[in-house]
Amino acid sequence: MEQSIEETLDLAERAKRVFTPNYRQAPVLFVRGEGVFLYDNQDKRYLDFAGGIAVSSLGHNHPKLVSAIADQAGKVMQTSNLFLNEPALELAERLTQMSFADRVFFCNSGTEANEAAIKLARRYMKTVRKENRYKIVCAQNGFHGRTLGSLSATGQEKYRADFEPLLPGFVYVPYNDANAVEEAIDDETCAVMMEPIQGEGGLIVPDDDYLKKLRAICDAKHVLLILDEVQTGVGRTGTFFAYEQFDVTPDIVTIAKGLAGGVPIGAMLCTREVSEGFTPGSHGSTFGGNPLACRAACTVLDVIKEENLLQNVRETGEQLQHHLQGLTKMRGVAGVRGRGLLQGLVVTPQINRAQVRIEALLRGLTITQAGEDTLRLLPPLIVTPGQIDWGVAILRSSIIAAMSRFVGSN
Ligand SMILES: Cc1ncc(COP(=O)(O)O)c(C=O)c1O
């Protein structure tokens, strides 16, 4: 944000001329990154607590990831699913060893992983169980993606408005209310689909026993439990999958975002039994499981282990939460929600969140928002305690600056 006004306006003008108008982008041009830092075209440094929206798990320019990607690019990047490739095989083997799952389907994003989960749940019921079950019980305030299937599962009117009619068969119940799920299931229900912690909805952490209760209900009613770990997965909450902390075994889990550290990837993991709902030709993806993305993901798994990043997430996450708690003494700050390095500061309408984000950028910090009232912090999993201290200090002064501007403008 050290550009001249002319340069900034020029960027915004260029963007307006060529992009569809579905984003509100800050006029900052990041040109490189190093660890937890991003640098703009004026070489100004920013602490990246937006983390590419929970994607930059290893931060930027991690030497091991960069060299693995370069090496793989020099070998082969794409072969299609007409053939086997070693990185995809290795990644699937490792993901199954690390989880409840026996089978993996690769794609390129979170929404695609959820599309696969929805399609598999329906087809499994139809072709394996021979039952006419197609309905899926989801949560109000949930978020599963922007493509029409995942959007149909998304229980938030603001994302769905004006795209109707969406897919039939989706039912939305209040989050963290197991009885509501039980009541919503009928003879045509194939699955319950939930985030273990609601991300886009505002970092809503359910009661400790919520997912366990859902598991018991799904078992009793013979429906599948699908957990969307697109945001919570890959170590973000302190365990590789968030479900591990809730002591449940799902039937299907979706992951994406941080899995390949910035290279687009998505994955749907499931049990062998459920996987039989797919047969050759029933589902697919041209890029899914390509050697480049899968090699990057294998490297992310290596680094998470080698650098003991799950432990780092637990420690720095606790520290971040503690510091954010300290901010609740400020006027307009209402609370803290989250787990690990998925943390949100809840603010009242007294604090203009867009203004806080601008003030943070001016001070060299990127952050995001979630839900109606939350500022969301998603630092890379490699963040250090010193960087957490620093980020929260910048956030604090950004909130003060935003408040004084808000008051000043009245
Ligand atoms: C829980 C959850 N599911 C799905 C998605 C969609 O992922 P993508 O944007 O990669 O399609 C997101 C994205 O924020 C998410 O948080």
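We count ligands from 1, going down the list as the structure has it; atoms in each ligand are counted the same way. Fair warning: this is a prediction, and the values are worked out from it, not measured in the lab.
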*For the residue pair Leu211 and Pro196, establish whether any side-chain heavy-atom pair is separated by less than 4.5 Å.*
yes
*Which pairs pass salt bridge (charged side-chain N to carboxylate O under 4.0 Å, His left out) with one or both residues in residues 139-152, sequence neighbours excluded?*
none
*Scan residues 353-380 for pairs that pass ring-ring contact (aromatic ring centres under 6.0 Å, His included), counting only residues two or more places apart or in two chains.*
none
*Would you confirm whether the ring centroid of Tyr46 sits within less than 6.0 angstrom of the ring centroid of Phe30?*
yes
*Using a 4.0 angstrom limit on heavy atoms, which residues are close to ligand 1?*
Ser109, Gly110, Thr111, Asn114, Phe143, His144, Gly145, Glu195, Glu200, Asp228, Val230, Gln231, Lys257
Indicate every side-chain donor-acceptor pair of residues 282-297 with a distance under 3.5 Å to a residue at least two apart or in another chain.
{"from": "Ser282", "atom 1": "OG", "to": "Thr279", "atom 2": "N", "distance (Å)": "2.9"}
{"from": "Ser282", "atom 1": "OG", "to": "Thr279", "atom 2": "O", "distance (Å)": "2.6"}
{"from": "His283", "atom 1": "ND1", "to": "Lys119", "atom 2": "NZ", "distance (Å)": "3.0"}
{"from": "Ser285", "atom 1": "OG", "to": "Asn108", "atom 2": "ND2", "distance (Å)": "3.2"}
{"from": "Ser285", "atom 1": "OG", "to": "Gly288", "atom 2": "N", "distance (Å)": "2.9"}
{"from": "Asn290", "atom 1": "OD1", "to": "Leu292", "atom 2": "N", "distance (Å)": "3.1"}
{"from": "Asn290", "atom 1": "OD1", "to": "Ala293", "atom 2": "N", "distance (Å)": "3.0"}
{"from": "Asn290", "atom 1": "ND2", "to": "Phe287", "atom 2": "O", "distance (Å)": "2.9"}
{"from": "Arg295", "atom 1": "NH1", "to": "Asp71", "atom 2": "OD2", "distance (Å)": "2.9"}
{"from": "Arg295", "atom 1": "NH1", "to": "Gln72", "atom 2": "OE1", "distance (Å)": "3.0"}
{"from": "Arg295", "atom 1": "NH2", "to": "Asp71", "atom 2": "OD2", "distance (Å)": "3.1"}

*Asp209/Lys213 salt bridge by N-O under 4.0 Å criterion*: yes
